[in-house]
Amino acid sequence: MMSKVALMAVLAVGGASAFVPTTGFLPKARLATSATSSLGLRTAGRTGAASLNMQVAAGQDTASLTRVATEARGLAMDSIAAAKSGHLGLPLGCAEIGAVLFSDFLQYNPKDPQWVNRDRFVLSGGHGSMFLYSWLHIAGYELPMEEVKNFRQYHSMTPGHPEFPNSEHNTPGIEATTGPLGQGVVNAAGIAAAQKMEQAMFNTKDQTIFDSVTVALCGDGCLQEGISHEGACFAAHEGLDNLIIVYDSNDVTLDKMAEYTQSEDTAARYEAYGWEVVTIDGHDLAAIKKTMDGFRSAKNGKPKLLVAKTIIGKGIDEVAGTNAAHGEAGVAYVADAKEKLGLKEPWEVSSDTRDFFKGVTTAKTEVYNKWQDTFKAWKGANKDLAKKLDTFVKGEVPSAEEMFKGIPEFDQDADIATREAGSVVINPVADLVPQFLSGSADLHGSNKNYIKTGGNFGRGFDKTYTGKNFYFGIREHAMGAIMNGVAFHGMFRPSGATFLVFVCYMRATIRVAALAEIPTTYILTHDSIGVGEDGPTHQPVETVSSLRVFPNLDVMRPADPEETVGAYVHSAQRKDGPTALILTRQNVRTLKEIPVKTRREGVLKGGYVAKKETGDLKLVIMAAGSELQWAMDAAKEIGDGVRVVSMPCMSVFDKQDQKYRDEVLPPACRNRMAMEAGVGSPWYKYVGLDGKVVGVEKFGFSAPGDIVMKEFGMTAENCLKEAKAMM
């Protein structure tokens with residue numbers, strides 16, 4: 001690896017002509033080779049030293065951009081110093097990148113931050129959030145200086161990591177909730193996929209109303225996380241050439257210099273995936289501009305990786321270029337650093353910078369206004385498309401009542417798996433909610449979530465960018481982050497499927513979806529020990545209960561086909577968070593003794609009375625999913641005094657008013673039992689200290705599903721036995 005002193009000397013002396021190593025770890029055989037990309041620039045994947053001999057680009061105001069970059073560094077220094085918390089390294093090391101992006105490259109209007117044809121910028125390295133807040137403020141977004149000063153403070157618009165607008169924060173210009181490393185670059189792939197879809201759906205031969213790109217900024221941490229590898233493969237395979245990743249390659253991670261934990265040639269790896277890769281000096285304004293402009297114009301079917309060799313913490317000499325620069329270690333030297341940079345005032349943004357960005361805003365507004373003219377002509381010529389677009393942008397969906405009317409009732413005498421019911425329900429749902437998308441981690445045939453009239457998304461084979469079925473490959477973690485990206489984009493409602501037991505691969509992305517309050521849907525089949533022969537590796541025991549502890553995740557485990565209708569309708573209706581649909585592999589009885597309307601509408605309340613007692617209430621039996629049939633059978637056998645409550649979704653039930661909850665679970669009856677084929681801990685809030693939970697508290701075994709269920713007591717006979725013992 002090139003030492004800190006040597007690297008700084010090369011960048012300082014060489015400027016735009018500096019030779020910068022791609023990783024510092026390239027095999028000697030590779031150092032002797034070089035190549036040229038389709039952009040006419042020397043690439044990094046096949047050469048150990050890339051030089052971009054670029055002079056100041058025509059029309060680029062280098063002096064103003066340098067001043068703006070310096071002042072952006074100052075904002076980050078002051079806010080992090082005031083908070084006594086934060087990460088200086090990225091905002092200081094990437095200041096020139098920010099200057100080019102926000103003054104020139106990015107297509108946006110700060111007065112209309114939700115403009116549908118804006119470029120999306122995702123700060124994947126969310127710890128460097130002061131980079132984004134500084135640039136949003138300078139660029140003229142509604143992010144006042146007082147909020148910049150309130151960095152990391154209670155109820156400020158500038159939380160520690162960027163948060164997508166939700167009920168807690170509404171900071172304009174934030175396109176994704178980031179912080180868990182690696183997710184942001186894959187969110188960006190999801191956003192880019194949604195952009196490809198909107199372009200294919202709405203552009204016409206006469207008018208192009210969508211031509212935006214997605215840019216993500218990341219560091220070594222994001223590219224070490226495995227999720228970034230999965231997402232990079234997907235993006236290249238599906239030809240997302242509107243995706244640009246800027247890799248802040250500073251040879252530093254938090255604990256140590258990067259060489260301590262990595263030795264791969266990252267650029268070569270991305271070239272092998274099928275990406276366009278270019279390496280530059282990340283402090284060279286002209287190089288950044290030329291490369292980014294080339295990336296935008298290169299419609300070559302390849303996503304783009306810009307390896308920007310930077311000095312982490314640039315501007316604070318005492319820590320610059322070292323792992324100490326990552327966090328707030330440089331705060332002690334801020335006063336001296338600002339003096340050396342010529343910054344005399346706290347949170348200084350000069351009148352020259354304000355004037356410069358007034359000019360930037362004027363130029364970008366001209367582009368915006370010209371687009372508005374095109375958009376107006378497009379709407380006039382394409383009234384049906386315009387109506388569809390308006391529906392998508394507003395997120396409008398039919399009412400639950402309208403959706404129920406559009407989904408036929410099932411044969412009440414048939415026994416079918418709820419995953420099979422889902423395969424039927426998803427198709428009218430997709431017709432009623434045309435922005436509803438589906439996808440699977442190589443399990444469409446098992447998850448049974450294919451939209452039959454939707455077509456397949458992507459490039460090649462039978463795929464197009466209007467396709468509604470995503471083939472994610474065996475990449476659950478990336479699937480979750482891509483889904484989040486599609487939802488962050490805002491025009492489509494993504495769903496994705498896998499076996500329930502494999503949802504653990506994507507828990508981190510579900511957490512972000514719940515936190516960000518975005519409407520993703522997870523279709524999780526093979527929901528219990530009823531999976532049978534595949535054995536305990538594929539039999540979820542703890543999984544449903546572990547999902548229920550996520551705040552703002554609605555976990556729905558329907559009991560039969562009609563409850564499955566209700567669960568799908570809920571997921572399609574929801575706008576403030578994700579929904580997990582937990583579906584069986586094995587057949588279940590269609591509960592025809594409960595009216596169809598009661599089952600469908602009951603799911604929308606989370607829980608409902610499935611069988612009302614005759615006579616005095618002596619016992620309440622609660623159940624969810626495939627175990628409701630056994631509760632109903634047991635109650636019928638017992639006769640008087642037993643109520644059965646279906647509880648497909650605890651979180652939705654808990655949101656109902658107290659009156660309804662007391663009607664379903666009368667407080668006077670403390671004799672309560674719950675039955676579910678999984679870990680029983682969530683049920684105790686309903687059964688109380690006097691109640692009983694019949695669950696599965698250990699891993700299963702390999703045998704036919706009915707035998708496994710019987711051995712664990714998940715039968716009508718055992719439910720009857722346990723219930724009688726309580727009466």
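In what follows, every heavy atom counts, from backbone to side chain, and hydrogens, waters and symmetry copies are set aside.
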Can you tell me how far apart [atom1] ([X]) and [atom2] ([Y]) are? Round to the nearest 0.5 Å.
| X | Y | atom1 | atom2 | result |
| --- | --- | --- | --- | --- |
| M483 | I518 | CE | CD1 | 8.5 Å |
| L515 | I510 | CG | CD1 | 13.5 Å |
| S249 | I280 | OG | CD1 | 11.0 Å |
| Q183 | R511 | CD | CZ | 10.0 Å |
| Q224 | T266 | CD | OG1 | 8.5 Å |
| E147 | L136 | CD | CG | 12.5 Å |

Got a salt bridge between [X] and [Y], using NZ or NE/NH1/NH2 to carboxylate O under 4.0 Å?
| X | Y | value |
| --- | --- | --- |
| D241 | K304 | no |
| R118 | E175 | yes |
| D336 | K340 | no |
| K338 | E71 | no |
| D251 | K309 | yes |

Do you see a donor-acceptor pair shorter than 3.5 Å between the side chains of [X] and [Y]?
| X | Y | result |
| --- | --- | --- |
| H283 | E96 | yes |
| D211 | N117 | yes |
| Y247 | D220 | yes |
| S167 | E517 | yes |
| T353 | S350 | yes |
| Q195 | S212 | yes |

Donor-acceptor pair, [X] side chain versus [Y] backbone, under 3.5 Å?
| X | Y | answer |
| --- | --- | --- |
| T520 | P578 | no |
| S156 | N150 | yes |
| Q107 | D119 | no |
| N166 | F164 | yes |
| T310 | I312 | no |
| N187 | A481 | yes |
| N552 | D576 | yes |
| S228 | E225 | yes |
| D78 | P346 | no |
| H137 | L75 | no |

How about [X] and [Y]: do any of their side-chain heavy atoms sit closer than 4.5 Å?
| X | Y | result |
| --- | --- | --- |
| P144 | M157 | yes |
| F356 | D352 | no |
| V122 | L217 | no |
| K149 | T158 | no |
| V116 | E198 | no |
| D355 | K358 | yes |
| L285 | K289 | no |
| V360 | F102 | no |

**OP:** Under the side chain to side chain contact (heavy atoms under 4.5 Å, CB included) rule, what do K364 and F357 come out as? Steps first, then yes or no, please.
**Re:** CA-CA 10 Å; K364 292 189 179 299; F357 263 90; over 6 Å; no
Is the number of heavy atoms from other residues, nucleotides or ligands under 6.0 Å of [X] [atom1] greater than 12?
| X | atom1 | value |
| --- | --- | --- |
| K299 | NZ | yes |
| E142 | CD | no |
| R296 | CZ | yes |
| Y333 | OH | no |
| K111 | NZ | yes |
| Y505 | OH | no |

Would you say the rings of H87 and H326 are close, in the sense that their centroids are separated by under 6.0 Å?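 Yes, they do, as the ring centres are separated by less than 6.0 Å.
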| message | Quick check on the 6.0 Å ring-centre criterion: do Y108 and Y141 meet it? | response | yes
So H229 and Y273, would you call those rings parallel, tilted or perpendicular, with 30° and 60° as cut-offs? perpendicular
Relative to each other, are the rings of F131 and F121 parallel, tilted or perpendicular (30° and 60° limits)?
tilted
TODO: Take S79 and W347, measure what side chain to side chain contact (heavy atoms under 4.5 Å, CB included) needs, and give me the verdict at the end.
DONE: CA-CA 8 Å; S79 292; W347 290 282; 2.9 Å; yes
Minimal non-hydrogen separation, [X] against [Y], with atom names:
| X | Y | result |
| --- | --- | --- |
| A76 | L92 | CB-CD1, 4.0 Å |
| P551 | A514 | O-CB, 3.3 Å |
| G173 | P113 | N-CB, 4.3 Å |

With T214 as partner, the option from I191, I244, I245 fulfilling side-chain contact (heavy atoms from CB on, under 4.5 Å) is I191
- Task: Run the numbers on F295 and V278 for side chain to side chain contact (heavy atoms under 4.5 Å, CB included), then give the verdict.
- Result: CA-CA 10 Å; F295 280 168; V278 175; 4.0 Å; yes
Checking E366, K370, Q372 against Y368 for side chain to side chain donor-acceptor pair (under 3.5 Å), the one that qualifies is Q372
ask   = Would L223 and C218 satisfy side chain to side chain contact (heavy atoms under 4.5 Å, CB included), going step by step from the backbone distance to the final call?
value = CA-CA 8 Å; L223 299 192; C218 72; 3.8 Å; yes
Exercise. Give a yes/no verdict on a cation-pi contact between R120 and F488, requiring under 6.0 Å between NZ or CZ and the six-membered ring centre and an angle within 45° of the axis.
Key: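 No cation-pi geometry.
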